[in-house]
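Shown next, in structure tokens, is the structure this report addresses.
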Amino acid sequence: MTIDLGFAWLRSGGAEIGIVDVPGHQDFIRNMLAGVGPVDAVLLVIALDEGVMPQTREHLAILGVLGVDRGVVALTKRDLVDDEWASLARADVAAALRDTPLAGAPLVEVSATAKTGLGELVDALESVLETAPVRRDVGRPRLAIDRAFTLTGFGTVVTGTLVDGALAVGDEVEILPRDGRARVRGIQTHKRALEAATPGSRVALNLTGIEKDQLERGMVVVRPGSLSAVSVLSARIAVLGSASAPLTHDETVKVHAGTAEIMARVSVLEGAAIEPGAVGWAQLRLAAPLAVAVGDRFVIRRPSPPETLGGGAVADVTGERLRRREAVAVLERRSAPTAASRLLAALDVPRSPEEAGARSGLDAAEREAAARELVANGGAVPLGDALLARDAFEALATRIERTLAATHRRSPLRAGAPREEIRSSLALPPKRFGALIERLARDGRVAERGSALALPSHTPMLTAAQEAIWSRAREALAREPLQPPSPAMLESEYGLDRELVAALAERGELIRIGTEAVFLPDAVGRFAEAVVAELAATGRVTVARARDITGSSRKHVLPLLGYLDDHGLTRRSGDDRILVLAPEQARERIATLTARKKVAL
């Protein structure tokens with residue numbers, strides 16, 4: 001009796017057929033589930049002298065859940081029954097298959113001892129496999145480990161069925177969910193050494209850099225960074241009509257995916273339960289991380305008393321905790337029937353096509369075609385290296401416009417809101433944020449004003465009262481330009497508060513240095529010109545010398561010299577300053593720094 005997985009292959013003509021032998025007994029259903037997932041077709045074995053057994057019906061249900069929809073039925077032990085019994089047994093098998101994906105599958109009578117029917121069986125398998133779709137290559141190879149062992153002279157070996165991409169000798173790989181790294185030292189399939197293995201192959205990988213005791217069935221070999229292990233997955237779960245009771249909210253189940261078996265708690269998203277024979281959305285909160293991708297099929301079983309409940313296909317692996325009232329709508333979009341619709345559902349925030357495609361379970365060709373379609377019909381907006389759904393783009397644009405409007409109400413004298421402040425509030429990387437603002441500016445929804453952003457209609461202007469305040473304060477600043485009143489004095493004696501100072505600085509009417517110094521631009525220009533002239537003549541200047549040649553005070557000279565340092569005109573050398581630029585270049589920069597800005601009016 002088969003207890004664990006067995007592996008074999010046969011050659012017929014120029015083709016090879018890999019065979020995974022799985023246990024039929026109900027006590028070893030977990031081993032059966034570890035081997036049946038990635039097959040192209042099934043060879044269902046039923047003994048004619050026994051007929052359809054209860055476990056056969058469970059296996060048929062599992063095949064339906066996993067989407068295995070083609071196969072051949074081998075009716076064995078033909079030599080042990082007469083024609084009448086064989087006819088009755090065939091009718092029984094046909095009835096059992098009637099409402100399953102294998103309805104209409106070829107029924108081939110065979111006898112291992114009499115050597116009859118074996119050729120017909122192989123022919124039937126070949127015929128069925130010719131109709132199987134070509135295994136897709138999405139550039140994301142995955143191999144769910146079904147065995148891990150060591151071979152003398154080779155070291156660690158793992159076996160499994162390769163899907164979704166190719167692996168070659170020398171490739172670096174990652175082992176999920178343990179995040180171990182290894183390198184492919186050798187590849188074999190059916191005892192033949194290969195340089196590379198293609199999707200759909202039964203493969204043995206000789207790995208270096210990892211020990212056998214670090215590996216176990218259920219782990220997955222992937223290309224580094226191509227897949228992540230998740231603790232929450234969402235799916236539309238079908239409960240078998242034969243289930244003894246509904247699948248209830250918060251129930252504990254076993255999840256079988258790939259070669260892994262993991263306990264999970266069910267969060268039913270529609271109602272309180274999924275009845276036998278019904279389908280409903282649910283999230284599975286896994287007891288341990290599981291490496292799966294969108295579209296992977298899985299089976300769920302009740303642990304006690306043990307029975308197969310049903311299963312489905314993974315619709316979402318983002319791990320987002322969805323509110324029940326919105327979860328179904330979100331998941332329906334993410335599992336939409338068209339590639340463009342599924343990609344669009346993943347563009348709720350700016351994502352690269354590769355990121356969105358991975359979340360949507362699309363291969364490269366599907367992803368690129370869907371991206372082109374969405375951009376062409378306006379469903380998605382390009383933002384640098386990313387795409388964003390039109391609705392999400394409008395939501396971001398509206399958020400920016402409202403933030404700017406609030407800033408203008410709160411600080412009407414300012415040119416706008418700091419660009420970096422807006423970017424940080426949206427948590428967007430600079431490249432994508434820059435593309436977003438460029439698009440909004442092109443559409444006339446946002447104006448760029450230096451380092452500030454504003455609504456195009458916003459014009460910062462001083463009121464008559466503020467103009468009068470500024471006129472008096474300007475006179476005070478002009479009396480002793482290089483020994484001006486402090487900001488605190490300007491506010492207490494002239495009414496020039498910090499908000500008005502900031503607005504005047506943005507207009508270029510004032511230059512603020514730090515928080516405790518305010519100068520007229522002309523004063524900063526004269527100071528800088530005097531320092532540059534001195535440096536051009538002597539090569540160095542001290543704080544005391546700068547004070548003497550400008551008629552200022554040490555209190556004001558220190559921030560002014562720091563201002564010249566900060567803008568790349570001078571550099572501190574010990575207690576002195578030296579000129580960084582040529583004198584003419586320094587004078588040009590001074591003129592630029594002290595010129596009155598025009599962006600605010």
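Computed from a predicted model, the values in this text were never measured in an experiment. Just the heavy atoms: all of them, side chains too, but no hydrogens, waters or symmetry mates, feed the values below. For this chain, numbers begin at 1 and follow the sequence in order.
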Problem set entry | Shortest non-hydrogen contact from Ala264 toward Leu286 | CB-CD2, 3.7 Å
Exercise. Would you call Asp83-Arg90 a salt bridge at under 4.0 Å N-O?
Worked result: no
Exercise. When you check the side-chain N and O atoms of Thr116 and Arg78, is any donor under 3.5 Å from an acceptor?
Worked result: no
Exercise. How far apart are the C-alpha atoms of Ser352 and Asp385, what are their side-chain angles, what is the distance that settles it, and do they pass the side chain to side chain donor-acceptor pair (under 3.5 Å) test?
Worked result: CA-CA 6 Å; Ser352 70; Asp385 66 335; 5.9 Å; no
For this session: May I ask you to say whether Asp348 pairs ionically with Arg351, meaning some side-chain N is under 4.0 Å from a carboxylate O?
Result: yes
For this session: Would you tell me whether Thr208 and Arg183 have side-chain atoms, one donor and one acceptor, within less than 3.5 Å of each other?
Result: no
For this session: Side-chain contact test, heavy atoms from C-beta onward, threshold under 4.5 Å: evaluate it for Glu216 versus Ile145 and give yes or no.
Result: no
For this session: Verify whether one side chain among Glu211 and Gln214 offers a donor that lies under 3.5 Å from an acceptor in the other.
Result: no
For this session: Could you grab the distance from atom CG of Leu383 to atom CG of Leu347, nearest 0.5 Å is fine?
Result: 10.0 Å
For this session: Identify the heavy atoms of Val314 and Ala293 that sit nearest to each other, and give their distance.
Result: CB-O, 3.6 Å
Seminar exercise, completed: All heavy atoms of Pro246 vs all of Glu275, minimum pair found to be CG-OE1, 3.2 Å
Problem set entry | Steps toward salt bridge (charged side-chain N to carboxylate O under 4.0 Å, His left out) verdict (Glu355, Arg432) | CA-CA 14 Å; Glu355 293 169 333; Arg432 294 176 184 178; 3.6 Å; yes
Exercise. Can you name the closest pair of heavy atoms from Pro289 and Ile262 and give their distance?
Worked result: O-CD1, 3.7 Å
Exercise. Is Asp99 atom CG crowded by more than 12 heavy atoms from other residues, nucleotides or ligands, each under 6.0 Å away?
Worked result: no
Problem set entry | Within-4.5 Å side-chain heavy-atom neighbours: Val253 and Arg301 | no
For this session: Might you work through the side chain to side chain donor-acceptor pair (under 3.5 Å) test for Arg140 and Ser226, ending with a clear yes or no?
Result: CA-CA 6 Å; Arg140 186 184 59 193; Ser226 65; 5.9 Å; no
For this session: Check the pair Thr113, Asp79 against side chain to side chain donor-acceptor pair (under 3.5 Å), reporting the backbone distance first and the verdict last.
Result: CA-CA 8 Å; Thr113 56; Asp79 57 306; 3.0 Å; yes
Exercise. Leu240 and Gly310: which non-hydrogen atoms are nearest, and at how many Å?
Worked result: CG-CA, 3.9 Å
Exercise. Between atom CD1 of Ile187 and atom CG of Asn206, what is the distance when rounded to the nearest 0.5 Å?
Worked result: 10.0 Å
Problem set entry | Heavy-atom side-chain proximity of Val317 to Arg359 below 4.5 angstrom | no
For this session: Ignoring hydrogens and angles, state whether a donor on the side chain of Thr248 or Glu251 is under 3.5 Å from an acceptor on the partner side chain.
Result: yes
Exercise. What residues form a salt bridge (Lys or Arg N to Asp or Glu O under 4.0 Å) with Lys254, not counting sequence neighbours?
Worked result: Glu261
For this session: Output the distance between atom CG (Leu207) and atom CD (Glu172), rounded to the nearest 0.5 Å.
Result: 11.5 Å
For this session: Answer whether the closest heavy-atom distance between the side chains of Leu205 and Val157 falls below 4.5 Å.
Result: no
Exercise. Taking all atoms of both residues into account, what is the closest heavy-atom pair of Ser242 and Glu307, and its distance?
Worked result: O-OE1, 4.4 Å
Exercise. Would Arg236 and Asp316 satisfy salt bridge (charged side-chain N to carboxylate O under 4.0 Å, His left out), going step by step from the backbone distance to the final call?
Worked result: CA-CA 10 Å; Arg236 192 165 171 80; Asp316 183 74; over 6 Å; no
Exercise. Rounded to the nearest 0.5 Å, what separation is found between the CG atom of Leu143 and the CE atom of Met219?
Worked result: 13.5 Å
Problem set entry | Sole residue of Val108, Asp49, Ile46, Val110 in side-chain contact (heavy atoms from CB on, under 4.5 Å) with Thr76 | Val110
Problem set entry | Point-to-point distance, once rounded to the nearest 0.5 Å, from OG1 of Thr308 to CZ of Arg57 | 14.5 Å
For this session: Sequence neighbours left out, what passes ring pair (Phe, Tyr, Trp, His ring centres under 6.0 Å) with Trp9? Give chain and number order.
Result: His190
Seminar exercise, completed: The side chain to side chain contact (heavy atoms under 4.5 Å, CB included) partners of Thr152 (sequence neighbours excluded) come to none
Exercise. Roughly how far, to the nearest 0.5 Å, is CG of Asn377 from CZ of Arg390?
Worked result: 10.0 Å
Exercise. Would you call Arg265 and Asp250 a salt bridge, taking side-chain N to carboxylate O under 4.0 Å as the test?
Worked result: yes
